[in-house]
There are 2 protein chains.
Amino acid sequence: MALGTDYEQQDCALARALEVVGERWSLLIVRDAFYGVQRFNDFLAHLGIPRAVLTARLNALVAAGVLRKEPYRQAPLRHGYLLTGAGLELWGPLYQLSRWGGRHATAGGAHHLFAHAVCGADLDVVGSCPRCGGGPVPPAEVVMRPNPARTGGRWDDPVSRALVRPHRLLEPIASAAVPA
Amino acid sequence: MALGTDYEQQDCALARALEVVGERWSLLIVRDAFYGVQRFNDFLAHLGIPRAVLTARLNALVAAGVLRKEPYRQAPLRHGYLLTGAGLELWGPLYQLSRWGGRHATAGGAHHLFAHAVCGADLDVVGSCPRCGGGPVPPAEVVMRPNPARTGGRWDDPVSRALVRPHRLLEPIASAAVPA
DNA sequence: CCAATAGGTTCAATGAACAGACCAATGATG
DNA sequence: CATCATTGGTCTGTTCATTGAACCTATTGG
């Protein structure tokens with residue numbers, strides 16, 4: 001996050017977390033990774049982020065161990081960006097922050113709803129399944145769908161287009177779903 | 001957050017949340033507010049943030065409805081910054097992000113531990129009490145204490161000094177605890 | 001040969017963050 | 001009465017990060 005000089009000395013795990021995912025676009029990139037976005041150009045089009053910034057953030061997230069690069073083609077070498085184990089554990093904070101935003105910072109509520117793929121029940125406030133019980137539902141078992149009460153945004157890129165129908169988290173999306 | 005131009009059109013509650021608390025210092029200010037920090041100078045000393053930036057962030061958080069100004073003295077008028085209802089609901093995301101930072105971004109684990117004030121049990125990964133069951137523990141029922149496995153940082157301000165002993169969240173701290 | 005695809009890098013201009021000095025109202029101190 | 005300390009700021013110049021646009025490289029398809 002490069003927060004001045006003495007950020008590293010903050011006696012708080014939160015400050016350390018923010019050094020990794022607190023940068024302007026980082027959490028949105030991680031969110032897209034949960035949605036199944038893997039390729040540079042898909043992040044680029046879906047986020048509307050400057051290319052140079054995307055390069056910097058992806059590299060930083062890889063260096064921090066949140067994402068890893070996975071080659072999907074040789075000649076010319078191309079790779080996607082996938083969540084590591086540590087990255088996958090960001091699902092909890094991400095989901096909760098998203099919930100908070102839906103309740104307090106978005107007129108009309110969230111654009112997407114999240115349900116347990118196994119039983120179909122909507123996740124509760126901490127991301128657990130109210131029907132199945134147990135702890136938080138792992139992201140691989142979560143299905144997202146658009147909120148019918150919200151008419152879609154004016155976005156038009158492969159990722160947004162794919163997300164108008166229900167989609168299981170972490171499943172490759174857009175270009176990655178149509179391999180060359 | 002002023003993320004370029006088109007941030008507002010992001011079709012995601014997360015982006016909206018980040019507009020409110022995604023700015024560089026915002027979440028650390030909110031964290032301090034949970035710790036019981038209320039006064040400008042205490043935020044200033046504990047965070048090591050530039051004064052102008054603190055002014056801007058506090059005003060933004062008030063405008064966003066996360067904090068509110070509460071006068072604690074007339075002549076000269078002075079006020080503290082307290083969490084609103086919406087602000088209090090940030091405890092979940094904040095706690096989870098902090099947990100994540102403790103596990104993945106901090107050598108040696110977190111500096112503070114959080115327990116249920118009612119029964120003394122440490123909170124679980126989503127912030128619930130494993131002994132009492134039920135949903136997430138509200139912040140007013142949480143006690144924080146320094147992690148004995150971590151020797152204290154080299155910080156020396158009223159807030160840090162107060163936090164070396166167990167402290168209940170939201171209870172006024174530092175200057176506010178010694179009213180004039 | 002030409003264009004398109006994919007994933008970048010480089011650049012100037014802008015905006016935000018930073019450190020430090022300064023300011024204003026009041027109450028305490030000598 | 002003069003001065004100083006407290007509290008919560010504002011102002012200023014410098015540095016750093018972000019932005020948008022153009023450019024670059026390697027390869028495949030037509």
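Every chain is numbered from 1 and lettered A, B, ... according to where its sequence line falls, protein lines coming before strand lines.
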Starting the side chain at C-beta, find the nucleotide from [options] nearest to [X].
X: A:Arg73; options: C:dT26, C:dA17, C:dA6; answer: C:dA6
X: B:Arg57; options: C:dG8, D:dG8, C:dA17; answer: C:dA17
X: B:Pro50; options: C:dC18, D:dT27, D:dG8; answer: C:dC18
X: A:Arg51; options: C:dT9, C:dA6, D:dG9; answer: C:dT9

Without swapping roles, check the side chain of [X] against the backbone of [Y] for a donor-acceptor pair under 3.5 Å.
X: B:Thr106; Y: B:Gly109; answer: no
X: A:Trp100; Y: B:Ala86; answer: yes
X: A:His167; Y: A:Ala162; answer: no

Is there a side-chain contact between [X] and the phosphate of [N], meaning an N or O under 4.0 Å from OP1 or OP2?
X: A:Thr55; N: C:dG7; result: no
X: B:Tyr81; N: D:dG9; result: yes
X: B:Tyr72; N: D:dG8; result: yes
X: A:Arg39; N: C:dT5; result: no
X: B:Trp25; N: C:dA16; result: no
X: B:Arg24; N: D:dA17; result: no

Gap between atoms [atom1] and [atom2], on [X] and [N] respectively (whole Å):
X: B:Gln38; N: D:dG8; atom1: CD; atom2: P; result: 11 Å
X: B:Leu44; N: D:dT6; atom1: CG; atom2: P; result: 14 Å
X: B:Asp42; N: D:dT6; atom1: CG; atom2: P; result: 13 Å
X: A:Asn59; N: D:dA17; atom1: CG; atom2: P; result: 16 Å
X: A:Leu77; N: D:dT25; atom1: CG; atom2: P; result: 18 Å
X: B:Leu54; N: C:dG20; atom1: CG; atom2: C1'; result: 16 Å
X: B:Asn41; N: C:dA25; atom1: CG; atom2: P; result: 18 Å
X: A:His79; N: C:dG7; atom1: NE2; atom2: P; result: 8 Å

- Query: Within 45° of the axis and under 6.0 Å from the centre of the six-membered ring of B:Phe40, does NZ or CZ of B:Arg78 qualify?
  - Reply: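 That pair does not qualify as a cation-pi contact.
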- Item | B:Arg145 to B:Phe114, cation-pi by 6.0 Å centre distance and 45° axis angle | no
- Which part of the nucleic acid, if any, lies within contact of B:Val53, taking any heavy atom under 4.0 Å across all strands shown: a base, the sugar-phosphate backbone alone, or nothing? sugar-phosphate
- For A:Ala56, report the nucleic acid contact type (base, sugar-phosphate, nothing); a contact means any heavy atom under 4.0 Å.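 It contacts nothing in the nucleic acid.
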- Query: Which residue, B:Ala52 or A:Leu58, contacts DNA chain C at a nucleotide closer to its 5' end, judged by nearest heavy atom?
  - Reply: A:Leu58
- Message: Could you tell me if the side chain of A:Trp91 sits less than 4.5 Å from the side chain of A:Val142, heavy atoms only?
- Response: yes
- Item | First encountered from the 5' end of DNA chain D, between A:Gln74 and A:Ile49 | A:Ile49
